[in-house]
Number of protein chains: 2
Amino acid sequence: MASSETVRRHTQDDVARTALRLLDDVGLPDLTMRRLAAALDVQPSALYHHFPNKQALLADLADRIVSPRPVATTSGEWDRDVRSAAAALRDGLLAYRDGAEVVASTLSMGLGADAALRRLSDSIALGGFDEATTRRAATALLHFVLGHVSHEQQRLQYDSLGVVVGRGPDASADAFAFGVDLLVEGLRARVVSYL
Amino acid sequence: MASSETVRRHTQDDVARTALRLLDDVGLPDLTMRRLAAALDVQPSALYHHFPNKQALLADLADRIVSPRPVATTSGEWDRDVRSAAAALRDGLLAYRDGAEVVASTLSMGLGADAALRRLSDSIALGGFDEATTRRAATALLHFVLGHVSHEQQRLQYDSLGVVVGRGPDASADAFAFGVDLLVEGLRARVVSYL
DNA sequence: ACCTGAACACCGTTCAAGT
DNA sequence: ACCTGAACACCGTTCAAGT
């Protein structure tokens with residue numbers, strides 16, 4: 001028995017998964033490298049063996065938040081698919097505290113989180129739009145979704161802090177659907193002009 | 001002559017204006033209370049006489065970034081007005097480095113920056129929509145504008161750092177106009193269904 | 001009212017050294 | 001390969017004390 005009992009070395013996946021749990025527990029502002037290290041029973045410097053810096057770690061988290069969406073089955077009508085892709089993205093973002101902010105900031109850094117954009121683009125492309133239109137509509141939709149869900153999640157924190165504001169989650173979901181509809185209808189106006 | 005020469009006490013307006021200039025010079029990540037204090041030739045603790053905390057300072061900056069838009073003359077067609085209100089908002093955000101991020105983060109904190117929302121709402125209301133539709137369309141538009149300009153401004157930083165990506169500012173302006181159009185067309189679809 | 005000086009409780013990151 | 005220990009160069013904020 002040359003190996004001792006408590007070596008406890010971590011893999012990159014361990015670090016990311018613990019970070020994701022920590023994010024959900026304490027929120028983005030309190031997700032520090034030092035707290036993450038403590039959660040892993042490790043010195044802060046050890047984290048830099050797995051990720052070059054905090055930004056890279058956050059980019060990895062953004063990918064994990066956005067990735068595992070089951071895409072929802074593709075069904076005939078492109079607008080139905082766009083709506084469900086947007087809804088699925090929203091659900092993914094809502095699954096982790098501050099999820100939208102993590103993805104938005106990562107995206108604004110130019111790193112990852114393009115899985116989300118790709119999924120929206122794919123559903124829009126079913127409408128038969130040219131590439132530029134598809135790309136632009138997808139980013140417009142992505143911006144709306146991230147902005148909306150960021151707002152929504154920060155509302156959730158206020159509410160959990162005891163501040164009652166009224167307007168339950170239904171109103172939020174309705175406002176979300178409304179925004180998506182606006183963009184979808186705008187797109188439909190273009191598909192008509194194609195004829 | 002009981003008064004000495006260099007008393008140099010600052011007003012809240014001084015602090016905010018210096019902060020705005022510092023923001024434009026160094027960007028949001030480097031806009032620290034300590035650097036701001038240094039720029040004012042003052043101890044960091046002195047700032048807390050003018051603003052209760054950094055968040056309040058940033059909210060004030062957001063208001064200043066968003067406020068002085070001349071609204072563009074209101075002219076018959078509501079959709080024209082919405083487009084120019086959105087463009088004016090974009091210009092205002094672009095006038096300061098990281099302007100969109102400052103406004104977005106302030107808005108997500110629930111503080112100020114509602115001048116922007118009000119201006120968008122006012123232009124949309126000219127279309128004769130009900131209040132809920134107007135409010136939701138305005139926030140959808142605001143989310144798009146903030147997301148788009150954030151992205152745009154972070155591109156500008158990359159470019160100024162020497163990284164050449166192609167796609168000049170024209171492409172950005174076009175993409176912006178496209179996004180606004182999409183929402184406006186979506187709204188128009190609703191005004192038709194009113195008849 | 002406005003500011004100083006000093007402190008408190010933190011940050012992200014680097015780097016030599018260990019196994 | 002993965003980690004420790006210690007340090008560097010910072011943060012935002014508080015608070016007694018000065019004028």
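First the proteins, then the strands, lettered A, B, ... as listed; each starts at 1.
- Side-chain N or O atoms of A:Asp130 include one that pairs as donor or acceptor with a backbone N or O of A:Thr133 at under 3.5 Å.
- The distance from atom CG of B:Asn53 to atom C1' of D:dT13 is 9 Å, rounded to the nearest whole Å.
- With hydrogens and angles disregarded, no donor-acceptor distance shorter than 3.5 Å links the side chain of A:Glu185 to the backbone of B:Ala189.
- Under the 3.5 Å distance criterion, the side-chain polar atoms of A:Tyr158 are matched with a main-chain donor or acceptor of B:Met109.
- Put simply, A:His10 has no side-chain N or O that comes within less than 4.0 Å of OP1 or OP2 on D:dA1.
- DNA chain C contains the following stems of three or more consecutive Watson-Crick or G-U pairs, with both distances under 3.5 Å: C:4-8 with D:12-16, C:12-16 with D:4-8.
- Rounded to whole Å, the distance from CZ on B:Arg35 to P on D:dG12 is 11 Å.
- Atom-to-atom, CE of A:Met33 to C1' of C:dT14 comes out at 12 Å; the value is rounded to the nearest Å.
- Residue B:His49 contributes atom NE2, which lies 20 Å from atom P of D:dG12 at whole-angstrom precision.
- In the set D:dA6, D:dC3, D:dT13, the nucleotide with an atom closest to the side chain of B:Pro44 is D:dT13.
- In this structure, a donor-acceptor pair under 3.5 Å is present between the side chains of A:Asp98 and A:Gln157.
- In this structure, the side chain of B:Gln153 engages the main chain of B:Ala100 through a donor-acceptor pair within 3.5 Å.
- For D:dC3, the OP1/OP2 oxygens have a side-chain nitrogen or oxygen of A:His50 closer than 4.0 Å.
- For the pair B:Asp30 CG and D:dA9 C1', the interatomic distance rounds to 13 Å; values are reported in whole Å.
- Within 3.5 Å, no donor on the side chain of A:Thr32 pairs with an acceptor on the base of C:dG12, nor the reverse.
- A straight line from CZ of B:Arg34 to C1' of D:dA9 spans 11 Å, rounded to a whole angstrom.
- Between the CZ atom of A:Arg9 and the P atom of C:dG18 there is a distance of 15 Å, rounded to whole Å.
- Regarding contacts with the backbone of D:dC3, every side-chain N or O of A:Gln43 stays at 4.0 angstrom or more from both OP1 and OP2.
- If you take atom P in C:dC10 and the same atom in D:dA9, they sit 22 Å apart, rounded to whole Å.
- Ring pair A:Phe176/A:His148 is tilted by interplanar angle, where 30° to 60° counts as tilted.
- The aromatic rings of A:Trp78 and A:Phe129 sit perpendicular, their planes meeting at an angle over 60°, well past the 30° parallel limit.
- To the nearest angstrom, C1' of D:dC11 lies 13 Å from CG of B:Leu47.
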